[in-house]
Amino acid sequence: EVKLVESGGGLVQAGGSLRLSCAASGFTFDDFAIGWFRQVPGKEREGVSCISNSDSSTYYANSVKGRFTISSDSAKNTVYLQMNNLKPEDTAVYYCAAATSLLRCYAYGPLDASDYWGQGTQVTVSS
C-alpha cells in the first residue's frame with residue numbers, strides 16, 4: 001500500500017522558517033518523483049516544488065524560488081521542504097505526492113500529477 005505522511009507544519013511569523021517532511025512507503029522510492037503542493041480553501045491546488053529521487057533534479061514554482069529548498073533522503077524514504085523567509089501568502093495546507101516522473105510532477109497540473117497523496121499539513125504564516 002502506497003502511503004505518504006506529511007509532518008512539520010505549524011504557525012510561524014512572517015520571515016520565519018519551517019521544515020516539512022514527507023515520509024513515503026509502499027513503493028520503490030528511487031523510481032518516483034516527490035512533489036509538494038499547497039491549497040487554500042476556495043482555491044485550486046498549486047504545485048510548489050518537485051524532486052526526482054533518481055537523479056535529484058528539482059523544480060520550484062516562481063513564487064518560492066530562493067526561499068524554499070527541496071531535498072530527498074533515500075535511506076529514510078523521506079523528502080523535505082525547507083521553507084525560509086515565509087510570507088503570509090504561503091499559508092495553506094501542504095500536501096506531498098508521488099509522481100512517476102519529475103515532468104509529471106510539475107508539468108501535468110496538480111490534478112494529474114499523481115494518484116498518491118498524503119493527508120496534508122497546515123502551514124500558517126502570521127503577519
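Shown are Leu18, Ile34, Val48, Val123; of these, the side-chain contact (heavy atoms from CB on, under 4.5 Å) with Leu81 is made only by Val48. Across Ser54, Ser52, Ser74, a single residue satisfies side chain to side chain donor-acceptor pair (under 3.5 Å) together with Asp30, and that is Ser74. The residue from Tyr59, Tyr95, Trp117 that alone fulfils the ring-ring contact (aromatic ring centres under 6.0 Å, His included) condition with Phe37 is Trp117.
Considering every non-hydrogen atom in both Ser72 and Asn53, the closest pair reads OG-OD1, 2.7 Å. The minimum heavy-atom distance between Ala23 and Thr78, with the atom names listed, is CA-OG1, 4.0 Å. Between Val79 and Phe29, the shortest heavy-atom contact is CG2-CZ, 3.7 Å. For the pair Cys105 and Ala113, the tightest heavy-atom approach, listed with the atom from each and the gap, is O-CB, 3.8 Å. The two residues Ser17 and Asn84 make their nearest non-hydrogen contact at OG-OD1, 2.9 Å.
Side chain of Ser114 to main chain of Ala98: a donor-acceptor pair is present (N/O by atom type, distance under 3.5 Å, no hydrogens or angles). Judged purely by atom type and a 3.5 angstrom limit, Thr91 uses its side chain to pair as donor or acceptor with the backbone of Val125. A donor-acceptor contact shorter than 3.5 Å links the side chain of Tyr60 to the backbone of Ile70.
Seen from the ring of Tyr80, Arg19 counts as a face-on cation partner, given the 6.0 Å and 45° thresholds.
Rounding to the nearest 0.5 Å places SG of Cys96 at 7.5 Å from CD of Gln119. Separation of atoms OG (Ser127) and NZ (Lys87) is listed at 14.0 Å; rounding is to 0.5 Å. The distance from atom CG of Leu20 to atom OG of Ser49, rounded to the nearest 0.5 Å, is 11.0 Å. Distance check, rounded to the nearest 0.5 Å: CG of Asn77 to SG of Cys22 gives 10.0 Å. Atom-to-atom distance recorded for Leu86:CG and Leu11:CG is 11.0 Å, nearest 0.5 angstrom. In this structure, Arg67 CZ and Thr69 OG1 are separated by 11.0 Å, a value rounded to the nearest 0.5 Å.
If you chain together hydrophobic residues whose side chains sit under 4.5 Å apart, Val64 and Tyr106 never meet in one group. Note on Val2 and Phe32: same hydrophobic cluster, where clusters join Ile, Leu, Val, Met, Phe, Trp and Tyr whose side-chain heavy atoms are under 4.5 Å apart, directly or indirectly.
Remark: aromatic rings of Trp36 and Phe68 are distant, center separation not under 6.0 Å.
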> For Tyr116 and Phe27, what are the C-alpha separation, side-chain angles and deciding distance, and is it a side-chain contact (heavy atoms from CB on, under 4.5 Å)?
Replying inline: CA-CA 11 Å; Tyr116 308 110; Phe27 61 95; over 6 Å; no
>> Between Tyr94 and Glu6, does the side-chain contact (heavy atoms from CB on, under 4.5 Å) criterion hold? Intermediate values first, please.
In response: CA-CA 8 Å; Tyr94 283 70; Glu6 303 96 336; over 6 Å; no
> Can you check side-chain contact (heavy atoms from CB on, under 4.5 Å) on Asp90 and Arg38, steps first, answer last?
Replying inline: CA-CA 9 Å; Asp90 294 318; Arg38 64 188 182 187; 2.9 Å; yes
